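Note sheet for the following structure.
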Amino acid sequence: MAIPRDAQVTVVGGGAVGAAALYFLATHGWSDVQLVEAGDLCSATSSQAAGFVGQARPTIDRARLTMASAELYRTFEANTGYSTDYKESGAVRIALSDGSHAELEQIAQTAEVVGLPVEFLSPARLREVYPVLQDISAVRSALWSPTDGYLQPNSLVNAYVQAARDRGATVATQSPVQDLVIKDGRIAGFSTPQGTYATELLVIAAGPWSVALARLAGLDLPIVPVLHEYFVSEPVAGWDSNLPCLRIPEVQVYARGEGGRILCGGFEQQGTSIDPRAVEVDSTLQSTPNWEVLGSFAHGLAKFVPDVEDVAVRSAFHGWPAFTPDGRFIVGPVSSLPGLAFAAGCNAHGVSGSAGLGMHLVESLQPDPSQYVQSLSPDRFIPATWNWDDARRDSQAVYENYYPMPGSAHSH
């Protein structure tokens with residue numbers, strides 16, 4: 001579905017994906033683009049992200065997506081004048097079993113196909129690359145991806161928005177969308193507390209609030225918020241910001257240095273989700289730190305860094321990234337309701353993959369998008385032949401299996 005470049009376009013959602021959508025629309029020729037956000041920019045789920053940008057993936061499409069994102073973050077300041085605070089620290093992924101080693105081999109083969117530099121590290125080289133690992137006796141193999149890194153979500157969102165503004169885009173915060181205007185079977189506008197406004201294309205990129213907005217249009221889409229947590233410790237020697245990102249899927253943990261502290265989180269085996277039908281368009285999703293879960297992450301990392309369990313926690317972070325039953329993004333226009341499109345269901349890739357998602361959105365609005373982009377269409381869930389109980393269970397399972405269960409070779 002081709003959208004004319006002079007069409008009025010509105011992006012709903014001021015997190016990383018919404019800001020990326022704004023930037024890519026503005027830089028690909030759409031001349032009348034605005035973003036509306038219920039609160040402040042990057043004030044919800046995106047602000048709670050750990051910011052990892054991992055390019056080494058099992059599938060070619062995902063690897064290319066994150067490679068394109070990393071390249072944008074790497075060059076954004078030179079091209080626009082605004083920094084994403086991307087730090088190319090590299091990343092190490094560790095396997096503890098033959099099954100997980102086989103997965104690393106698959107990732108390495110995919111990396112070779114897409115031209116991503118990776119290498120398996122010897123024990124001596126692993127100690128050199130990641131010197132704070134005190135015990136590596138259980139390591140079966142370690143894959144090094146030198147061009148991986150991480151960024152600061154607030155810097156990323158602000159950079160997207162400032163660069164989009166330079167190209168004529170506008171932004172309205174504190175403007176929750178309360179209703180949609182539908183005329184002659186298509187989206188014609190939207191309402192906020194400030195008034196009703198015309199638009200020819202409305203892009204819903206509101207993370208865990210995307211279902212509430214879709215329901216204003218009479219649509220249900222299985223976009224399920226699942227709780228994700230991590231902590232930052234008090235200062236620990238050796239954990240500076242130059243340390244590579246670390247992933248140890250079999251103990252369900254990731255970590256990196258954060259200004260002389262340990263940032264540590266993971267994907268728990270028993271997730272906590274919200275029925276998105278209970279989420280209001282202008283609500284705030286609250287939660288309190290689950291210290292048992294955060295403790296389990298510290299315990300997993302302690303198998304390699306025993307001292308970590310004795311370190312005090314400085315701060316805990318928790319957000320509600322949105323997952324889908326099939327683990328794929330929901331990107332593109334809705335065939336049954338012209339003028340409505342989505343960039344949602346990011347399955348914990350909203351920050352790291354935001355650039356790729358913005359590219360996919362732009363491609364989906366062209367006359368002939370690729371087969372892969374077509375496969376991300378919201379149309380696959382419309383009409384709703386699925387049911388909410390199954391969708392919520394399956395979406396939560398995507399989160400729970402993001403890293404494999406201990407001893408399992410399976411991973412998403």
Side-chain angles (χ1 to χ4, degrees), residues 12-13 15-18 44-46 48-50 52 57-59 61-62 65 204-217 219-230 249 252 254 265-281 283 285-287 290 293 318-332 334 341-354 356-357 360 372 375-405 408 410-412:
V12 185
V17 176
T45 297
S46 289
Q48 302 297 305
F52 284 55
R57 303 282 176 179
T59 67
D61 288 323
R62 277 291 170 89
L65 172 78
I204 295 176
W209 292 273
S210 294
V211 167
L213 290 161
R215 288 168 75 84
L216 294 178
L219 296 175
D220 271 331
L221 285 172
I223 304 171
V224 179
V226 183
L227 182 64
H228 184 62
E229 302 182 85
Y230 68 91
Q252 316 201 241
Y254 59 75
F267 293 83
E268 53 186 305
Q269 294 180 31
Q270 295 181 322
T272 301
S273 63
I274 296 175
D275 187 331
R277 294 170 295 179
V279 177
E280 301 293 332
V281 290
S283 63
L285 299 182
Q286 300 286 358
S287 63
N290 186 324
V293 169
H318 40 275
W320 294 92
F323 286 76
T324 62
D326 59 8
R328 290 187 288 137
F329 311 127
I330 295 178
V331 177
V334 175
F342 284 83
C346 300
N347 300 284
H349 292 284
V351 170
S352 65
S354 59
L357 282 155
H360 288 345
Y372 174 66
S375 77
L376 306 178
S377 170
D379 289 351
R380 71 186 191 272
F381 295 117
I382 303 170
T385 56
W386 46 274
N387 68 73
W388 273 111
D389 288 341
D390 290 344
R392 184 175 173 186
R393 181 198 65 228
D394 293 345
S395 299
Q396 185 173 313
V398 171
Y399 166 86
E400 293 168 343
N401 293 307
Y402 190 93
Y403 283 165
M405 296 296 183
S408 167
H410 180 66
S411 173
H412 284 273

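This structure is a prediction, so every number in the text was calculated from the model and none was measured.
A pairwise comparison of heavy atoms in Gly350 and Ala16 identifies O-CB, 3.6 Å as the closest pair. Closest approach of Ser395 to Pro325, counting heavy atoms only: OG-N, 3.1 Å. The shortest heavy-atom contact between Leu357 and Cys346 is CD1-SG, 3.7 Å. In this structure, Leu221 and Pro378 approach most closely via the heavy-atom pair CD2-O, 3.8 Å. Counting all heavy atoms, side chain and backbone alike, Gln270 lies closest to Glu268 at O-OE1, 3.0 Å. Counting all heavy atoms, side chain and backbone alike, Ala348 lies closest to Phe323 at CB-CZ, 3.8 Å.
The closest donor-acceptor contact from the side chain of Trp386 to the backbone of Phe381 lies under 3.5 Å.
For the pair Pro276 and Pro225, the minimum side-chain heavy-atom distance is below 4.5 Å. Between Val226 and Trp320, the closest side-chain pair of non-hydrogen atoms is not below 4.5 Å. The shortest side-chain heavy-atom distance between Val398 and Thr324 does not fall under the 4.5 Å cut-off. A heavy-atom distance below 4.5 Å is not found between the side chains of Asn290 and His318. Counting heavy atoms from C-beta outward, Tyr402 and Asn347 have side chains that stay 4.5 Å or more apart. You'll find the side chain of Trp209 stays beyond 4.5 Å of the side chain of Val281, heavy atoms only. Using a 4.5 Å heavy-atom cutoff, the side chains of Val224 and Gln396 are not in contact. Side-chain atoms of Val211 and Val279, non-hydrogen and from C-beta on, never get closer than 4.5 Å to each other.
The aromatic rings of Tyr403 and Phe267 stand perpendicular to each other, their planes meeting at an angle above 60°, with 30° marking the opposite boundary.
The line from CG of Asp394 to CG of Asn401 is 10.5 Å long, rounded to the nearest 0.5 Å. Atoms CZ and CG, on Phe342 and Asp379 in that order, are 10.5 Å from each other to the nearest 0.5 Å. A distance of 8.0 Å separates CG of Asp275 from CG of Asp389, quoted to the nearest 0.5 Å. The CD atom of Gln269 sits 10.5 Å away from the OH atom of Tyr399 when rounded to the nearest 0.5 Å. Here the CD1 atom belonging to Ile204 is positioned 7.5 Å from the CG atom belonging to Leu216, to the nearest 0.5 angstrom. How far CZ of Arg393 is from CD of Glu400: 11.0 Å, rounded to the nearest 0.5 Å.
Taking the ring axis of Phe329 as reference, the NZ or CZ atom of Arg380 does not stay both within 45° of it and closer than 6.0 Å to the ring centre.
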